[in-house]
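Remarks on the structure that follows.
The figures that follow rest on heavy atoms only: side chains count, while hydrogens, waters and symmetry mates do not. What you see is a predicted model; the values in this text were computed from it and never measured.
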Amino acid sequence: QVQLVESGGGLVQAGGSLRLSCAASGRTFSRYPMGWFRQAPGKDREFVAAFSWNTGNTNYADSVKGRFTISRDNAKNTVYLQMNSLTPEDTAVYYCASDALWPRVNRNPAYWGQGTQVTVST
């Protein structure tokens, strides 16, 4: 079992940066791929980024490539999402997620955090 708790959301002006953190508990964290998703008002939840510690694989949605970076610190049981050059279109609730399998963490992971709000103003 994996428990995920996000933090770091907030209000930022367009062009600014935020770093989200996801603290994980559960003894298998260090072996599980991790991901971030987001859900904007009135829209479906969408994939943002994923990272596999075992293989080093990363995957990003086209909309965030070159602006967002996912990383993890196993010593701290934490995964990060560094978000730069934010635009109002990035406004959403951001969710940390995890799954034992790399394909699933990119589409429909089993474990979810509660979400953290990111609001980008013009």
Side-chain angles (χ1 to χ4, degrees):
Q1 187 72 15
V2 177
Q3 291 81 43
L4 306 170
V5 179
E6 302 95 335
S7 61
L11 175 65
V12 63
Q13 288 188 329
S17 299
L18 278 176
R19 189 177 77 159
L20 305 182
S21 300
C22 174
S25 59
R27 60 184 177 88
T28 57
F29 166 77
S30 64
R31 300 193 297 271
Y32 278 20
M34 300 290 293
W36 288 93
F37 288 70
R38 66 186 182 186
Q39 187 167 20
K43 296 186 177 180
D44 293 335
R45 189 176 298 184
E46 65 175 359
F47 169 79
V48 175
F51 176 77
S52 171
W53 181 257
N54 288 342
T55 65
N57 288 343
T58 58
N59 188 31
Y60 293 94
D62 288 343
S63 59
V64 306
K65 280 182 181 176
R67 300 188 299 123
F68 290 12
T69 302
I70 187 171
S71 62
R72 65 192 286 166
D73 185 337
N74 268 14
K76 296 182 179 180
N77 280 2
T78 300
V79 64
Y80 303 99
L81 185 68
Q82 178 66 45
M83 306 185 295
N84 299 328
S85 302
L86 287 162
T87 73
E89 289 69 36
D90 295 314
T91 295
V93 177
Y94 283 72
Y95 297 89
C96 177
S98 182
D99 198 281
L101 300 180
W102 173 250
R104 283 211 305 253
V105 83
N106 287 265
R107 293 195 298 270
N108 187 27
Y111 304 105
W112 294 88
Q114 83 289 350
T116 185
Q117 177 70 47
V118 171
T119 303
V120 185
S121 64
T122 56

Donor-acceptor pair, distance only, cut-off 3.5 Å: does the side chain of [X] make one with the backbone of [Y]?
X: Asn77; Y: Ser25; value: no
X: Thr78; Y: Ala23; value: no
X: Gln82; Y: Arg19; value: no

If hydrophobic clusters are built from ILVMFWY residues whose side chains come within less than 4.5 Å, do [X] and [Y] share one?
X: Val64; Y: Tyr94; value: yes
X: Tyr111; Y: Val105; value: no
X: Tyr80; Y: Val93; value: no
X: Trp102; Y: Val48; value: no
X: Leu18; Y: Ile70; value: yes

Ignoring hydrogens, what is the shortest heavy-atom contact between [X] and [Y]? Give both atom names and the distance.
X: Leu81; Y: Ala49; answer: CD1-CB, 4.2 Å
X: Ser21; Y: Trp36; answer: O-CH2, 3.7 Å
X: Leu4; Y: Ser98; answer: CD1-N, 3.8 Å
X: Thr69; Y: Tyr60; answer: CA-OH, 3.4 Å
X: Ala92; Y: Ala40; answer: CB-N, 3.8 Å
X: Asn106; Y: Ala50; answer: OD1-CB, 3.6 Å

Any idea how Trp112 and Tyr95 line up, ring-wise: parallel (<30°), tilted (30 to 60°), or perpendicular (>60°)?
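Perpendicular.
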Separation between [atom1] of [X] and [atom2] of [Y], rounded to the nearest 0.5 Å:
X: Arg38; Y: Thr91; atom1: CZ; atom2: OG1; answer: 9.0 Å
X: Ser63; Y: Phe47; atom1: OG; atom2: CZ; answer: 9.5 Å
X: Arg67; Y: Ser17; atom1: CZ; atom2: OG; answer: 10.0 Å
X: Leu11; Y: Gln117; atom1: CG; atom2: CD; answer: 9.5 Å
X: Gln39; Y: Glu46; atom1: CD; atom2: CD; answer: 9.5 Å
X: Phe68; Y: Leu20; atom1: CZ; atom2: CG; answer: 8.0 Å

Do other residues, nucleotides or ligands put more than 12 heavy atoms under 6.0 Å from Gln114 CD?
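Yes, the 6.0 Å shell around CD holds more than 12 heavy atoms from other groups.
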Is it the case that Arg45 places NZ or CZ above or below the six-membered ring of Phe37, under 6.0 angstrom from the centre and within 45 degrees of the axis?
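Pair Arg45/Phe37 does not count as cation-pi.
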Start with the C-alpha distance between Asp90 and Met83, add both sets of side-chain angles, then the distance that settles side chain to side chain contact (heavy atoms under 4.5 Å, CB included), and finish with yes or no.
CA-CA 9 Å; Asp90 295 314; Met83 306 185 295; over 6 Å; no
I want to check something: taking the side chain as every heavy atom from C-beta on, are Phe51 and Pro33 in contact at a cut-off of under 4.5 Å?
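No, side chains not in contact.
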